[in-house]
Amino acid sequence: MWVREKLETLLVKALGELYNLSVVKDDITINVTRPEFDGEYTFVMFPFIPKIKRKPQEIGDSIGDYLKSKGLISGYNIVKGFLNLSIKNNHWLDFADYVAEYSDFGKVKPHGEKVIVEFSSPNTNKPLHLGHIRNILLGWSVYKILKETGYDVTRTQIINDRGIAICKSMLAWNKWGGGKTPDDTGIKGDHFVGDFYVRFESNFKEEYTNWQLSEEGQLIYSSVHKEGQSEKEFFSSYKNQYFNLYSKLGAEAREMLISWENGDRDTVALWKQMNQWVYNGFDKTYDALGIIFDKNYYESSTYLEGKKIVNEGLKEKVFFRKDDGSVWVDLEERGMDKKLLLRKDGTSVYITQDLGTAELRYKEMGANKMIYVVADEQNYHFDVLFEICKILNKPYSGGMYHLSYGMVDLPTGKMKSREGTVVDADDLIAEVKKEAGSIALEKGEINLLEQDEKDDIIHTIGIGALKFHMIKVQPQKRMVFDPKESVDMQGQTGPYIQNAYVRIQSILRKNKELEFVRGSDYAPSTMEKELLVQLSEYPVELKKASEEFDPSVMANFSYKLAKTYHRFYNEHRVLSAESEEARQFRIVLSQSVAKVLKRSMNLLGIDMPNKM
RNA sequence: GGCUCCGUAGCUCAGCUGGAUAGAGCAACUGACUUCUAAUCAGUAGGUCGCAGGUUCGAAUCCUGCCGGGGUCACCA
């Protein structure tokens, strides 16, 4: 049990013994004492004053004396309803030793509860972009945080490998690919396939533009357009109908989809081939980000399961079939709409597949807790999905959670593929590494290392900068991504935190004897105590991050700890400290800080270099 | 329009399960490297916490309304 826990326990006891109040730990508020007051922790007495019916001064004295008599604090002071407490030095010394020596500080023992985290979930017609990166980093970090807090976590993604989009790429490759492959061209597989998607779209656009000027196009415009709608407005809103009704390319793409659904050998072979190229490309990106999955799901193999569930719901009469054959669920009594579950031709829609996937996962892994990391544009979709699972009485329906995050904007506005403003994941990764490399070269600290080692460090720093930049923002907030700031390595950044760690490693390398002097009566400075208090907050913040599925909590924690260490480092000498006791203590303290920094950054998926 | 998320310094963000004088970083300016890694530190400057009410010992934080922005309300995914 460490200082903070001891304090909580004793306060609960004190309130019981002194005032006959029965409270639990969660009822009491303990703050880190603000720097302008003496003490490290502050007990907020306000909530108890009306119940105790005594003056704050009197209550503070009683509780303060109580804590003193138990040997926890050396002194206290009372300001209004705040009881500021100074913890006795020996507790701090023990605490520093513990954190430095053991690696499980704050870690929750595995309790076996299973949870599935779904993230990334790309389409196979395009390479990953900035939006995916936010998704992937959030998902990965939530996985780490849940694991650290004792869950049995499975990382998964659902890959949208079927549908009209991939057929567009396939068709374009058939038409204009000339039999080329990623290997022939040296183009990364996902980009290779994405290029054909773009090619399809631009040819389609040309076809559409020509049609607009044709007799048929003009006729449609004059007969279908709404009052006051300009020709330009009309055609931009008519694109989908054109694709489905008149487009030659559209017809060919749909033919391909049908032929895929009928299991046509050549089509399926091409489909497999192109998807494989994409997966090879994705793997490289995931690898650069240090991401792996335990299990992939593919929509091509889960949508059938979804249909089964729909039939199940029909049998139980919680869904209904319209005259045209389409299947619906009515959620109006629950404050939502009617929702389509199967088209009239019996084919599945997006939500059908999600129903199937959830069921499959439950069957295969027995997890009744599922977290979906998906952008907030799909909030309603998940409300509906979860509600349907409740209607069906699925055992996992209570444990489904949509970790919704805001979309990523650029300083110039939204990312739009049509306008070519989408930030490509691979480009971005290359960019941050390049920046990290040129700064490293300039600093010169690692110039003498082997090339491999140098590359490793530069990778760690560049990726660390990118990851921290993305994760430090609360998930639900829309974020503005400025490419210039993302390669920033100073101030509130990943490398800043890595640098604190590196400084400690440098000290430890130079320090020969690492044995601690136990039982020393060294009195830590205010600065040193501040560092200790922050270390002791690690479990508190971890718990918060885990309960709220919010990695930004750990990002902010890491930053604060690193910042305090940097300040400490500038104010105190470690190796040439003023006394042997101070030296020993500071080494232990530095070791503790390094350990906690490494662990909290690890929760964000960020590695720590030993030199930089 | 219904529902929903967001609004804090010039910019990017913390703080939000009510607690002390609202904090960081970037950008600007000043200072600190023959001394454990200056990717650092110290300092100056920068605020009607979108607006208005309410709840109370106390509101950036909770409630209501309004304003501004995003998302969503497809037989798309």
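Each chain gets a letter, A, B and so on, in the order the sequences are listed, and its residues count up from 1. This is a predicted model, so every value here is computed, not measured.
Listed by chain and residue number, nothing satisfies the side chain to side chain donor-acceptor pair (under 3.5 Å) test with A/Arg321 (two or more places apart in sequence, or in another chain). Residues forming a side chain to side chain contact (heavy atoms under 4.5 Å, CB included) with A/His572 (at least two apart in sequence, or on another chain): A/Ser525, A/Met527, A/Glu528, A/Phe568, A/Arg586. Residues passing the side chain to side chain contact (heavy atoms under 4.5 Å, CB included) test with A/Arg254, sequence neighbours excluded: A/Ile164, A/Phe243, A/Asn244, A/Ala251. Remark: A/Pro127 pairs with A/Asp190, A/His191, A/Asp424 by the side chain to side chain contact (heavy atoms under 4.5 Å, CB included) rule, at least two apart or across chains. A/Val487 meets the side chain to side chain contact (heavy atoms under 4.5 Å, CB included) test with A/Glu431, A/Val432, A/Glu435; sequence neighbours excluded. Shown here are the ring-ring contact (aromatic ring centres under 6.0 Å, His included) partners of A/Phe585, two or more places apart in sequence or in another chain: A/Tyr522. The ring-ring contact (aromatic ring centres under 6.0 Å, His included) search around A/His402 returns A/Phe382, not counting sequence neighbours.
One finds no side-chain N or O of A/Lys484 lying less than 4.0 angstrom from the OP1 or OP2 phosphate oxygen of B/U12. In this structure, A/Lys472 does not reach the B/C13 phosphate: none of its side-chain N or O atoms is under 4.0 Å from OP1 or OP2. A close approach under 4.0 Å does not occur between any side-chain nitrogen or oxygen of A/Gln474 and OP1 or OP2 of B/C13. Close to B/C41, at under 4.0 Å from its OP1 or OP2, lies a side-chain N or O of A/Tyr496. Contact annotation: A/Arg567 reaches the phosphate of B/A42 (side-chain N/O to OP1 or OP2, under 4.0 Å).
Listed candidates were B/U12, B/A39, B/A14. Nearest to the side chain of A/Val473 is B/A14. In this structure, of B/C36, B/A39, B/A24, it is B/C36 that holds the atom nearest to the side chain of A/Lys510. Residue A/His566 has its side chain nearest to B/U40 when only B/U40, B/C36, B/A39 are considered. Of all nucleotides listed (B/C41, B/G15, B/C11), B/G15 comes nearest to the side chain of A/Lys544.
Residue contacts shown for A/Val480 are limited to sugar-phosphate atoms, with no base heavy atom under 4.0 Å away. Using a 4.0 Å heavy-atom cutoff across all strands shown, A/Tyr559 reaches sugar-phosphate atoms only and no base atom. Residue contacts for A/Lys563: at a heavy-atom cut-off of 4.0 Å it reaches the sugar-phosphate backbone alone, with no base atom in range. In this structure, A/Ile504 reaches neither bases nor backbone, as no heavy-atom distance under 4.0 Å exists between it and the strands shown.
For the pair A/Glu530 and A/Arg567, the salt-bridge criterion is met [side-chain N within less than 4.0 Å of a carboxylate O].
What separates NE2 of A/His469 from P of B/C11 is a distance of 16 Å, to the nearest Å. Between A/Asp27 atom CG and B/G18 atom P the separation is 12 Å, expressed in whole Å. Atom C1' of nucleotide B/C13 and atom CE of A/Met554 are separated by 18 Å, given to the nearest angstrom. For the pair A/Met336 CE and B/G2 P, the computed distance is 18 Å after rounding to whole Å.
Heavy-atom minimum distance, A/Val349 versus A/Leu341: CG2-O, 3.7 Å. Across all their heavy atoms, A/Pro483 and A/Pro411 have their closest contact at CD-CD, 4.2 Å.
With A/Met608 as the partner, the side chain to side chain contact (heavy atoms under 4.5 Å, CB included) test is satisfied by one option alone out of A/Asn499, A/Ile497, A/Ile461: A/Ile497.
Side-chain atoms of A/Thr460 and A/Asp607 form no donor-acceptor pair, as typed in the model, at a separation below 3.5 Å. Looking at A/Asn160 and A/Asn123, their side chains do bring a donor and an acceptor atom within 3.5 Å of each other.
Distance noted for atom C1' between B/G46 and B/G25: 14 Å (whole Å). The separation of B/C11 from B/U48, taken at their P atoms, amounts to 12 Å, rounded to a whole angstrom.
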**Q.** Reading 5' to 3' through nucleotides 71-77 of chain B, protein heavy-atom contacts under 4.0 Å coded B for base, S for sugar-phosphate only, - for none
**A.** SSS-BSB
Q) In the 5'-to-3' direction, what one-character label does each nucleotide of nucleotides 27-33 of chain B receive under the scheme B = base within less than 4.0 Å of a protein heavy atom, S = sugar-phosphate only, - = no such atom? A) -------
Q) RNA chain B in dot-bracket, Watson-Crick or G-U pairs under 3.5 Å, [ ] crossing, | other strand? A) (((((((..((((.....[...)))).(((((.......))))).....(((((..]....))))))))))))....
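Every pair passing salt bridge (Lys or Arg N to Asp or Glu O under 4.0 Å) that includes a residue from residues 464-493 of chain A is listed here, sequence neighbours excluded: A/Asp409-A/Arg478.
For the pair A/Arg162 and A/Tyr303, the cation sits on the ring face: its NZ or CZ lies under 6.0 Å from the ring centre, inside 45° of the axis.
Map A/Gln476 and A/Met479 each onto its nearest nucleotide of RNA chain B; the residue landing nearer the 5' end is A/Gln476.
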Return the polar atom pairs (N/O with N/O) between nucleotides 19-23 of chain B and the protein under 3.5 Å, or none.
unit_1 : atom_1 : unit_2  : atom_2 : d
B/A20  : N6     : A/Thr42 : OG1    : 2.9
B/A20  : N6     : A/Asn84 : OD1    : 3.0
B/A20  : N1     : A/Asn84 : OD1    : 3.3
B/A20  : N1     : A/Asn84 : ND2    : 3.4
B/G23  : OP1    : A/Arg34 : NH2    : 3.0

